[in-house]
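Below: one structure, written as structure tokens.
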Number of protein chains: 2
Amino acid sequence: MDQRLDAVFTALADATRRDIVARLSAGDATVKELAEPYAMSLQAVSQHLQVLERSGLISRGRHRQTRPCRLEPAVLDEALAWIGESRRTWTERMDRLENRLVQLQESRDD
Amino acid sequence: MDQRLDAVFTALADATRRDIVARLSAGDATVKELAEPYAMSLQAVSQHLQVLERSGLISRGRHRQTRPCRLEPAVLDEALAWIGESRRTWTERMDRLENRLVQLQESRDD
DNA sequence: CGCTTACTCAAGCACTCGCTTTATCAAGCG
DNA sequence: CGCTTGATAAAGCGAGTGCTTGAGTAAGCG
């Protein structure tokens, strides 16, 4: 689990890879199609896709001589869940703090 | 924005730093307190905290000779929003696909 | 004042990252 | 068969990461 989150957040820590994920969320694409907008070699994009694949964020098939890429949202959900959990804990703590302050205020008003 | 997301996801791409974030979500802590459970030097933890601070995930004050660390949820929210957006786009596309399939099914039944 | 505590700075080391270039492979086309 | 297309493999390079040890700083305590 730790290793999977390592891989997902590492994969998302690069602007090019985030852009690829965003584009794949709108539909599958081949390596060439994905590489087209970037000012870098096809090989570099292929390496980015390997990072994304290793993290589980995308999967790849074979169709003729292309390797179509597809977003796999399951790992995205794990990342979402992890961040959400820390966020929730923080919020609950703040709520408790606020309640305590309100109680203090009320007891002083007595 | 891209740079901020780079920094946040890079910060979250390490299990020790994720653990620190999770612990800070439950309450502020000093460097020494945070370092205590890990089998690494205090300096190493201090460096992890610098990464977290640069990303905006935590802030640090000064109190006597300690540097209390505090989670700042704003950047966490940005990461949450980014992932959520890709997730949402994917889900909507799947919904549209399903609708089209249902329509195909219905037109065949006519 | 000296001593401890809490922490940072700096240098060094093994390792990884992002990208390049060159070479290679596998599928389809003439 | 040769040739192009889509993609991967391998090697190398500069920059960055994670950690260490050693030294330094700043605040509190006797």
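Values in this document were obtained by computation on a predicted structure and should not be read as measured data. Proteins come first, then strands; the chains are lettered A, B, ... in the order of their sequence lines, and each starts at number 1.
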Minimum side-chain heavy-atom gap [X]-[Y] below 4.5 Å:
X        : Y        : value
Leu76(A) : Ser86(B) : yes
Ile20(A) : Tyr38(A) : yes
Lys32(A) : Thr66(A) : no
His48(B) : Asp14(B) : yes

N/O to N/O distances under 3.5 Å, protein versus nucleotides 17-19 of chain D:
residue, atom, partner, partner atom, Å
dG18(D), OP1, Arg17(B), NH2, 3.1
dG18(D), OP2, Arg17(B), NH1, 3.1
dC19(D), OP2, His48(B), NE2, 2.3

Interatomic distance, [X] [atom1] vs [N] [atom2] [rounded to whole Å]:
X        : N       : atom1 : atom2 : answer
Leu52(A) : dT8(D)  : CG    : P     : 12 Å
Gln50(A) : dA7(D)  : CD    : C1'   : 10 Å
Leu42(A) : dT8(D)  : CG    : C1'   : 9 Å
Glu36(A) : dG6(D)  : CD    : P     : 12 Å
Asp6(A)  : dT16(C) : CG    : C1'   : 13 Å
Leu34(A) : dA7(D)  : CG    : C1'   : 12 Å
Leu49(B) : dA6(C)  : CG    : C1'   : 13 Å
Lys32(A) : dA26(C) : NZ    : C1'   : 17 Å

Output yes when at least one side-chain N/O atom of [X] is less than 4.0 Å from OP1 or OP2 of [N], else no.
X        : N       : value
Arg67(A) : dG6(D)  : no
Arg62(A) : dA26(C) : no
Arg60(B) : dT8(C)  : yes
Ser46(A) : dT8(D)  : yes
Gln65(A) : dT4(D)  : no
Gln43(A) : dA10(D) : no

**Item:** Residue Thr66(B), side-chain heavy atoms: nucleotide from dA9(D), dG6(D), dA6(C) that is nearest
**Value:** dA6(C)
**Prompt:** Checking Arg18(A) side chain against Leu12(A) main chain: does a donor-acceptor pair fall under 3.5 Å?
**Reply:**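 Here the side-chain-to-backbone pair exists.
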**Request:** Verify, without hydrogens or angle tests, whether Glu33(B) (side chain) and Thr30(B) (backbone) share a donor-acceptor contact under 3.5 angstrom.
**Result:**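 At least one qualifying donor-acceptor pair exists.
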**Message:** Parallel, tilted or perpendicular: which one describes the rings of Phe9(B) and Trp82(B), with boundaries at 30° and 60°?
**Reply:**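 Phe9(B) vs Trp82(B) ring planes: perpendicular.
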